[in-house]
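Quick notes on the structure that follows.
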Amino acid sequence: MPCPMCSREPVADYRPFCSRRCADLDLAKWLTGSYAIPAMDHDDPDAALPEQDHASGDASDKPH
């Protein structure tokens, strides 16, 4: 598998990268937010909220 930054052959000391420079460039992308893991959008934003007591509308009235 080639270096993910420049496509050269990887070097064992920096695997999967070919050099310290490419490894540092990759790290810089993570640290600056260039790489990001996408968040899941929920169809119903209220689905993550705790259930409320439908009679009073207050979750604190529920027995524990």
Side-chain angles (χ1 to χ4, degrees):
M1 176 186 271
C3 174
M5 298 303 292
C6 70
S7 300
R8 288 189 234 167
E9 285 296 314
V11 174
D13 289 345
Y14 303 107
R15 184 167 274 129
F17 305 103
C18 68
S19 66
R20 170 109 186 185
R21 180 181 181 273
C22 282
D24 288 345
L25 288 172
D26 182 72
L27 177 61
K29 285 188 173 204
W30 280 105
L31 295 176
T32 60
S34 294
Y35 293 147
I37 299 171
M40 291 180 51
D41 290 335
H42 296 285
D43 293 333
D44 184 8
D46 294 331
L49 298 175
E51 286 189 35
Q52 293 184 346
D53 184 6
H54 296 289
S56 66
D58 187 3
S60 64
D61 292 341
K62 289 179 121 175
H64 298 304

Closest heavy-atom pair, C22 versus C18, reported as atoms and distance to 0.1 Å, is SG-SG, 3.7 Å
Among the clusters formed by ILVMFWY side chains lying less than 4.5 Å apart, do W30 and Y14 turn up in the same one?
yes
Pair Y35-D26, side chain to side chain contact (heavy atoms under 4.5 Å, CB included): steps then yes or no:
CA-CA 9 Å; Y35 293 147; D26 182 72; 3.1 Å; yes
Rounded to the nearest 0.5 Å, what's the gap from OG on S19 to CE on M5? Could you check?
9.5 Å
Roughly how far apart are E9 CD and R15 CZ, rounded to 0.5 Å?
9.5 Å
When you group the ILVMFWY residues by side-chain heavy-atom contacts below 4.5 Å and let the links chain together, are L27 and L25 in the same group?
no
